[in-house]
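In what follows, a single structure is set out as C-alpha cells and then discussed.
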Amino acid sequence: MSWAGPEDIYLSTSLASYLDRPFFFQLKSVDISQHGLNVLASEKLLVLLRDGRKLMGILRSFDQFANAVLEGACERAIVGDLYCDIHLGLYVIRGENVVLIGELDLEREELPPHMTRVSEAEIKRAQKAEREATDLKGTMRKRMEFLDLD
C-alpha cells in the first residue's frame, strides 16, 4: 500500500470537475492488481456514483460486477460551502453505478476550513435550491437557442 501522490490528487479533482461537484476526500493509492478488492475488505471506503453522490462506509462484500455492500454507510452531500453526512446504514450498491472506489485515509479525512457542517434538513433545502437554479438555467438556455450567437 502506498500513499497517494500528486497524480492521484489530480485524478480526484479531474473527476470532480467531470461531475461538476466538489470532491473533498483524501484517498490512499492501493495496488489491487494481485488480489482485487479483497485488500479493501473491512476498510473504510469512498464510493463515487454515476449520479455524483459520494458514499462512505466499510466494505463488507462485493462481486465481479462491482456490486458492493457498505456497512455504516453515509452520503456526504456538498452544496457550495455546506456539507452534511447523511446516515444510510447498511447499503447495497449496484456495480453499474460505481465510478470510483477508493480507501479513505482516516488520518487525513479533514475538510477544507471554509466548509460548514449543517443539518440534514438544511442540506436538503440547499440541494433543492441548487437543483431549481440549474433547472432555471437550462430553461433559459433553451429559450435563448433561437438566437444564433456563434
Side-chain angles (χ1 to χ4, degrees), residues 1-139 141:
M1 199 179 302
S2 63
W3 293 101
E7 63 279 354
D8 298 313
I9 303 302
Y10 174 74
L11 171 67
S12 64
T13 55
S14 64
L15 275 172
S17 61
Y18 170 74
L19 293 170
D20 196 26
R21 300 241 189 263
F23 195 73
F24 299 114
F25 298 96
Q26 295 291 326
L27 298 177
K28 285 188 197 177
S29 178
V30 179
D31 180 19
I32 61 169
S33 59
Q34 292 179 341
H35 304 289
L37 286 176
N38 288 329
V39 295
L40 296 178
S42 300
E43 297 288 340
K44 188 163 184 181
L45 300 181
L46 165 74
V47 180
L48 183 62
L49 302 180
R50 277 194 319 183
D51 63 0
R53 289 186 296 155
K54 294 160 275 303
L55 305 177
M56 298 179 298
I58 298 171
L59 180 65
R60 288 299 177 207
S61 182
F62 64 92
D63 64 13
Q64 70 270 24
F65 304 109
N67 296 321
V69 176
L70 294 182
E71 182 180 22
C74 66
E75 175 185 352
R76 178 157 293 170
I78 300 173
V79 179
D81 288 343
L82 307 175
Y83 80 96
C84 178
D85 290 338
I86 302 168
H87 180 70
L88 303 171
L90 190 65
Y91 207 76
V92 179
I93 303 167
R94 186 175 172 99
E96 68 181 22
N97 295 316
V98 174
V99 173
L100 174 112
I101 297 178
E103 181 182 6
L104 284 173
D105 186 356
L106 298 177
E107 296 171 3
R108 300 185 63 193
E109 197 181 340
E110 73 276 354
L111 289 165
H114 68 277
M115 299 295 291
T116 306
R117 186 182 192 108
V118 296
S119 68
E120 191 173 331
E122 198 171 334
I123 202 74
K124 295 283 185 194
R125 282 194 298 272
Q127 285 176 326
K128 183 177 179 184
E130 182 182 55
R131 202 169 28 254
E132 288 172 354
T134 303
D135 291 345
L136 178 63
K137 184 178 177 181
T139 56
R141 189 171 285 156

Looking at every non-hydrogen atom in both residues, tell me the closest pair between Ala126 and Leu82 and how far apart they are.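 Looking at all heavy atoms of both residues, the closest pair is CB-CD1, 4.4 Å.
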Would you name the heavy atoms of Leu70 and Met56 that are closest together and state the gap between them?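 Scanning both residues, the minimum pair turns out to be CD1-C, 4.4 Å.
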Without swapping roles, check the side chain of Asn67 against the backbone of Gly95 for a donor-acceptor pair under 3.5 Å.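 Side chain of Asn67 to backbone of Gly95, a donor-acceptor pair under 3.5 Å: yes, one is there.
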Give, for atom [atom1] of [X] and atom [atom2] of [Y], the distance between the pair rounded to the nearest 0.5 Å.
| X | Y | atom1 | atom2 | result |
| --- | --- | --- | --- | --- |
| Cys74 | Leu88 | SG | CG | 7.0 Å |
| Glu75 | Lys54 | CD | NZ | 8.0 Å |
| Ile101 | Ile93 | CD1 | CD1 | 7.0 Å |
| Phe65 | Arg94 | CZ | CZ | 10.0 Å |
| Leu49 | Leu55 | CG | CG | 4.5 Å |

Test side-chain hydrogen bond (donor to acceptor under 3.5 Å, both in side chains) applied to Gln64 - qualifying residues, sequence neighbours left out: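 With sequence neighbours excluded, Gln64 shows a side-chain hydrogen bond (donor to acceptor under 3.5 Å, both in side chains) to no residue whatsoever.
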Tell me, please, which residues at least two apart from Tyr91 pass side-chain hydrogen bond (donor to acceptor under 3.5 Å, both in side chains).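 Scan of Tyr91 (side-chain hydrogen bond (donor to acceptor under 3.5 Å, both in side chains), adjacent residues dropped) gives Arg53.
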If we only count heavy atoms from C-beta on, is the Val98 to Val47 side-chain gap below 4.5 Å?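 They are in contact (side-chain heavy atoms under 4.5 Å apart), so the answer is yes.
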Applying side chain to side chain contact (heavy atoms under 4.5 Å, CB included), name anything that partners Gln127, two or more places apart in sequence or on another chain.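 Checked Gln127 against side chain to side chain contact (heavy atoms under 4.5 Å, CB included); matches are Ala77, Val79, Lys124, Arg131.
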Tell me, please, which residues at least two apart from Ala121 pass side chain to side chain contact (heavy atoms under 4.5 Å, CB included).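 In terms of side chain to side chain contact (heavy atoms under 4.5 Å, CB included), with neighbours along the sequence ignored, Ala121 is linked to Ser119, Arg125.
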Which residues share a salt bridge (Lys or Arg N to Asp or Glu O under 4.0 Å) with Glu132, sequence neighbours left out: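 Residues passing salt bridge (Lys or Arg N to Asp or Glu O under 4.0 Å) with Glu132: none at all.
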Listed partners of Glu122 passing salt bridge (Lys or Arg N to Asp or Glu O under 4.0 Å), at least two apart: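 Result, salt bridge (Lys or Arg N to Asp or Glu O under 4.0 Å) vs Glu122: none returned.
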Criterion side-chain contact (heavy atoms from CB on, under 4.5 Å) on Leu46 and Arg76, from CA distance to verdict: CA-CA 10 Å; Leu46 165 74; Arg76 178 157 293 170; over 6 Å; no
Would Ile58 and Arg60 count as a side-chain contact (heavy atoms from CB on, under 4.5 Å) if you check the C-alpha gap in whole Å, the side-chain angles of each, and the deciding distance to 0.1 Å? CA-CA 6 Å; Ile58 298 171; Arg60 288 299 177 207; 3.6 Å; yes
Residues Asp85, Arg117; criterion side-chain contact (heavy atoms from CB on, under 4.5 Å); working and verdict: CA-CA 8 Å; Asp85 290 338; Arg117 186 182 192 108; 3.7 Å; yes
